[in-house]
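Scroll down for the structure; my scribbles are underneath it.
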Amino acid sequence: MINCKICGSTVPDSEAVCLTCGTPAGTPNVRSADRPEELQALEERYRAAYETARDGNYLSILEEFDKALKQTHAVINVDVEFLHFFTRNARNLYTTYERAVEGQMRKPALLEFDQKRRAVGGGLFGSYAREISYAALSLDGSGPQSYGSYAMKLRDIAIRNRATVLENNSYDFVQKNDLKPGKNPPLGYVASWDNRHKLAVAKLGEFLTPTTTVDDFPKLLLSSAGSRATDEFIEVLIYGTFDFNAIESVKGSSTIGSRDDRDLLRMVKQHLSRAGKEWIEG
Ligand SMILES: [Zn+2]
């Protein structure tokens with residue numbers, strides 16, 4: 001726990017502001033990723049990836065990969081109905097699952113999935129799980145298609161002070177590490193936004209070879225064959241909500257879906273164009 005810079009009170013790990021005087025304390029996910037023990041464990045994994053690359057004779061491509069990863073961004077895949085809702089009115093906000101259910105904006109998922117979702121979020125973030133929006137780390141603006149056909153790319157400035165990255169998507173991360181109540185996640189598997197390249201190098205460095213090229217990087221970082229079970233990516237955890245102005249561009253195909261979908265998409269493109277946001281066909 002940290003102490004408030006203004007009044008000296010202890011700020012709980014789950015809070016973004018001091019509960020005595022309201023002074024911002026940084027978001028809980030970023031504070032957690034920036035703990036000295038996390039930073040040290042991440043640094044060790046990052047250095048180990050460099051050692052392995054030196055031994056395996058692919059150091060120069062790892063350096064290229066590392067450089068590219070500093071230019072990654074967060075994408076959220078959505079369906080066309082959501083895209084239409086979100087882009088048509090600047091007052092609309094992106095809402096987390098927990099917030100939407102609490103506010104009766106949507107029905108809960110089937111109980112089995114609702115339970116899993118809350119267990120994963122609660123296990124990793126406790127009571128601030130309701131504040132976390134989930135995105136994927138991407139090099140080419142494409143995201144996991146299993147979450148929707150359209151990838152919204154977020155502006156760096158909209159998230160860099162409140163986003164962290166996690167080794168896998170949180171479902172997989174909890175399962176892989178057999179995280180149960182009382183068991184802490186392993187150290188070195190999360191990073192602040194400025195350290196996201198280190199996490200990606202630590203995770204993926206070993207998959208590079210002397211013949212890997214720059215063109216291979218996007219799919220190495222994020223592979224999506226259309227099923228959530230086989231999707232593999234680094235998850236971006238964004239604390240708090242955001243509006244349409246947090247979007248830089250949207251990527252997707254204009255030729256898929258029903259006639260109604262394509263009508264909605266035509267309107268979406270108008271909304272994007274009016275707001276000065278780019279539509280990327282792909
Ligand atoms: Zn205070």
Side-chain angles (χ1 to χ4, degrees), residues 14-17 22 24 27-30 73-136 143-155 158-159 161-164 166 169-171 173-174 228 231 233 235-252 256-258 260-272 274-275 277 279:
S14 58
E15 301 299 322
V17 298
T27 67
N29 57 324
V30 174
H73 30 256
V75 299
I76 299 181
N77 274 59
V78 296
D79 59 28
V80 71
E81 283 92 358
F82 179 82
L83 199 55
H84 180 253
F85 158 81
F86 193 56
T87 58
R88 100 186 142 190
N89 190 325
R91 285 195 297 268
N92 291 337
L93 290 172
Y94 189 86
T95 311
T96 67
Y97 172 77
E98 290 87 345
R99 285 270 193 211
V101 171
E102 278 167 25
Q104 298 185 335
M105 302 289 288
R106 63 155 288 168
K107 293 179 185 175
L110 289 174
L111 185 60
E112 180 195 350
F113 298 110
D114 181 65
Q115 285 168 330
K116 274 188 199 155
R117 198 158 186 160
R118 286 174 185 274
V120 167
L124 290 173
F125 313 114
S127 61
Y128 76 84
R130 73 167 82 88
E131 304 294 343
I132 298 293
S133 298
Y134 300 89
Q145 293 272 323
S146 53
Y147 294 81
S149 301
Y150 301 94
M152 304 191 298
K153 177 176 167 182
L154 297 171
R155 295 165 67 195
I159 61 162
N161 290 329
R162 54 176 170 148
T164 47
L166 179 68
N169 87 56
S170 31
Y171 269 110
F173 186 73
V174 164
R228 292 191 190 184
D231 282 351
F233 56 88
E235 193 164 70
V236 183
L237 311 164
I238 302 156
Y239 185 94
T241 187
F242 55 86
D243 64 6
F244 178 30
N245 203 26
I247 303 300
E248 183 171 314
S249 59
V250 177
K251 185 175 180 181
I256 55 168
S258 64
D260 282 356
D261 289 348
R262 292 199 295 276
D263 283 344
L264 281 179
L265 192 63
R266 265 194 291 279
M267 288 185 267
V268 165
K269 287 182 187 172
Q270 286 173 11
H271 302 154
L272 289 171
R274 220 174 292 144
K277 318 276 183 200
W279 164 262

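Keep in mind the model is a prediction, meaning the values are calculated, not measured.
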Enumerate donor-acceptor pairs with a distance under 3.5 Å from any side-chain N or O in residues 236-245 to protein atoms, sequence neighbours excluded.
| unit_1 | atom_1 | unit_2 | atom_2 | d |
| --- | --- | --- | --- | --- |
| Thr241 | OG1 | Tyr94 | O | 2.5 |
| Asp243 | OD1 | Asn245 | N | 3.1 |
| Asp243 | OD1 | Ala246 | N | 3.4 |
| Asn245 | OD1 | Lys277 | NZ | 3.0 |

* Shortest non-hydrogen contact from Pro28 toward Ser14 -> CG-O, 3.5 Å

* To do: Would you kindly say whether Asn29 and Thr27 are connected by a side-chain donor-acceptor distance under 3.5 Å?
  => yes

* Spatial distance of atom NZ (Lys269) from atom NE2 (His84) [nearest 0.5 Å] -> 13.5 Å

* Asked: Quick one: side chain to side chain donor-acceptor pair (under 3.5 Å) partners of Ser146, sequence neighbours excluded?
  -> Asp231

* Could you list the residues that satisfy side chain to side chain contact (heavy atoms under 4.5 Å, CB included) with Arg274, not counting sequence neighbours? => Gln270, His271

* Looking at Ser170 and Leu124, what are the two nearest heavy atoms and their distance? -> CB-CD1, 3.4 Å

* Structure fact -> Looking only at heavy atoms, the pair that brings Pro144 and Phe233 closest together is CG-CE2, 3.8 Å

* Which heavy atom of Ala129 sits nearest a heavy atom of Gly122, and at what distance? -> CB-N, 4.1 Å

* To do: Please name the pair of heavy atoms, one in Gly252 and one in Tyr150, separated by the smallest distance, quoted to 0.1 Å.
  => CA-CD2, 3.8 Å

* How many angstroms lie between CZ in Phe82 and OG1 in Thr95, if you round to the nearest 0.5 Å? -> 7.0 Å

* Could you tell me whether Lys153 and Glu248 make a salt bridge, using a distance below 4.0 angstrom between a side-chain N and a carboxylate O? => yes

* When rounded to the nearest 0.5 angstrom, what is the spacing between CD1 in Ile132 and OG1 in Thr164? -> 6.0 Å

* Asked: Do the side chain of Glu235 and the main chain of Leu166 share a donor and acceptor less than 3.5 angstrom apart?
  -> no

* Verdict with supporting geometry, Val120 and Phe125, side chain to side chain contact (heavy atoms under 4.5 Å, CB included) -> CA-CA 8 Å; Val120 167; Phe125 313 114; over 6 Å; no

* What distance do Leu264 atom CG and Asp79 atom CG have between them, rounded to the nearest 0.5 Å? -> 9.5 Å

* Test Val250 against Leu272 for side chain to side chain contact (heavy atoms under 4.5 Å, CB included), laying out the working first. => CA-CA 8 Å; Val250 177; Leu272 289 171; 3.8 Å; yes

* Val78/Met152 under side chain to side chain contact (heavy atoms under 4.5 Å, CB included): CA gap, chis, key distance, verdict -> CA-CA 8 Å; Val78 296; Met152 304 191 298; 4.0 Å; yes

Please list every donor-acceptor pair under 3.5 Å in which a side-chain atom of residues 101-119 meets a protein atom from a residue at least two apart or in another chain.
| unit_1 | atom_1 | unit_2 | atom_2 | d |
| --- | --- | --- | --- | --- |
| Glu102 | OE2 | Arg130 | NE | 3.4 |
| Asp114 | OD1 | Tyr97 | OH | 2.5 |
| Asp114 | OD1 | Arg118 | NE | 3.2 |

* Structure fact -> Residues Val17 and Pro24: closest non-hydrogen pair is CG1-CA, 4.0 Å

* **Set of side chain to side chain contact (heavy atoms under 4.5 Å, CB included) partners for Asn92, sequence neighbours left out** => Phe85, Arg88, Asn89

* **For Glu131, side chain to side chain donor-acceptor pair (under 3.5 Å) partners two or more places apart** => Arg99

* **Point-to-point distance, once rounded to the nearest 0.5 Å, from CD of Glu81 to CG of Leu265** => 11.0 Å

* To do: Kindly compute the distance separating CG (Leu83) from CD1 (Ile76), expressed to the nearest 0.5 Å.
  => 11.5 Å

